[in-house]
Every structure is written in structure tokens, then in C-alpha cells.
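Inspection log for the structure reproduced underneath, given as C-alpha cells.
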Amino acid sequence: MIVTFDAELWVWDARRSETWTFVSVPIELSEDIRELTEGVRGGFGSVRVQATIGGSTWRTSVFPDSKSGCYALPIKRAVRNAEGLEPGAVTSVTIELIDV
């Protein structure tokens with residue numbers, strides 16, 4: 001499964017000294033991912049993906065967000081820097097499920 005969507009970068013303050021930046025996978029796509037990955041999810045319900053934003057491609061996992069019902073995709077600092085992205089920016093994201 002390969003999907004492309006537009007999403008806004010948001011910050012989750014995990015610890016005082018660190019911030020984590022994510023985009024939310026739209027709810028409809030999150031439901032499709034949940035359905036397709038039944039029985040193959042990793043720890044915390046994570047799903048391995050290959051993600052692309054602009055010219056940057058990397059492997060990571062999406063994680064379920066119990067508040068929104070969506071999966072959250074972490075956006076590495078190196079990707080944000082390479083693509084000139086800050087929290088609040090909207091960008092096009094492509095994810096491909098791995099191991100499905």
C-alpha cells in the first residue's frame with residue numbers, strides 16, 4: 001500500500017529537553033492501515049513504513065495516536081532541515097507500508 005496525502009507538521013513535547021515533530025495520517029488512511037496490518041504490527045501498535053517528503057526518503061514507523069484515532073508519522077530533524085519545514089507547515093507526504 002502506497003498513499004500520498006497533505007498534512008501539517010505538529011510538535012509533541014515528549015520531554016523538557018526534546019521535542020518530536022509529526023504529521024498525522026488522515027483518519028480514513030489510518031483505518032485502512034489498521035485493517036491491512038492486523039497481526040503484523042510492532043511494539044505500541046507501530047507499523048513500519050518508508051516515507052517520502054520532497055527529495056527526502058527514509059524508513060521509520062507510524063504510531064497510533066489514541067486521542068485522534070490517526071497514525072502519527074515522526075518527521076526527523078534532518079528531513080525538516082533538508083526540506084525547509086517548520087512546525088505548522090503543510091507538506092505532501094508519501095508512505096509505503098513495509099512487511100505487509
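- Contact annotation: the side chain of Glu8 never approaches that of Val23 to less than 4.5 Å [non-hydrogen atoms, C-beta and beyond].
- For the atom pair Tyr71 OH and Asp65 CG, the distance stands at 11.5 Å (nearest 0.5 Å).
- In this structure, CG in Asp99 is found 4.5 Å from CZ in Arg48, a value given to the nearest 0.5 Å.
- Pairing each heavy atom of Ile75 with each of Arg80, the nearest pair is O-NH1, 2.6 Å.
- Annotation for Thr4 and Ser92: closest pair CG2-OG, 3.5 Å, computed over non-hydrogen atoms.
- Taking the side chain as every heavy atom from C-beta outward, Val3 and Thr94 never approach each other to under 4.5 Å.
- The distance from atom CZ of Arg34 to atom CG of Leu36, rounded to the nearest 0.5 Å, is 11.5 Å.
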Can you give each donor-acceptor pair under 3.5 Å made by side-chain atoms of residues 49-57, sequence neighbours left out, with the distance rounded to 0.1 Å?
from: Gln50; atom 1: OE1; to: Arg59; atom 2: NE; distance (Å): 3.4
from: Thr52; atom 1: OG1; to: Thr57; atom 2: OG1; distance (Å): 3.0
from: Ser56; atom 1: OG; to: Glu83; atom 2: OE2; distance (Å): 2.6

message: As a quick check of understanding, evaluate side chain to side chain contact (heavy atoms under 4.5 Å, CB included) for Val93 and Leu73, giving each step before the final call.
response: CA-CA 10 Å; Val93 179; Leu73 171 71; 3.6 Å; yes
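- For the pair Ser30 (side chain) and Val25 (backbone), a donor-acceptor distance under 3.5 Å is present.
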Evaluation steps, side-chain hydrogen bond (donor to acceptor under 3.5 Å, both in side chains), between Thr21 and Trp10: CA-CA 6 Å; Thr21 304; Trp10 54 272; over 6 Å; no
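- Leu97 and Phe5 fall within a single hydrophobic cluster, where Ile, Leu, Val, Met, Phe, Trp and Tyr side chains are chained together by heavy-atom contacts under 4.5 Å.
- Heavy atoms only, all atoms of each residue included: Pro64 and Ser46 are closest at CD-N, 4.2 Å.
- Between Trp58 and Pro74, the shortest heavy-atom contact is CZ2-O, 3.8 Å.
- With sequence neighbours excluded, no residue forms a side-chain hydrogen bond (donor to acceptor under 3.5 Å, both in side chains) with Thr91.
- By the criterion of side-chain heavy atoms lying less than 4.5 angstrom apart, applied directly or through intervening Ile, Leu, Val, Met, Phe, Trp or Tyr residues, Val90 is not grouped with Leu9; the two fall into different hydrophobic clusters.
- When all heavy atoms of Pro87 and Val11 are compared, the pair lying nearest together is CG-CG2, 3.3 Å.
- Between atom CH2 of residue Trp20 and atom CZ of residue Arg77 there is a gap of 10.5 Å, rounded to the nearest 0.5 Å.
- The structure places OG of Ser61 at 8.0 Å from CD1 of Ile98, a figure rounded to the nearest 0.5 Å.
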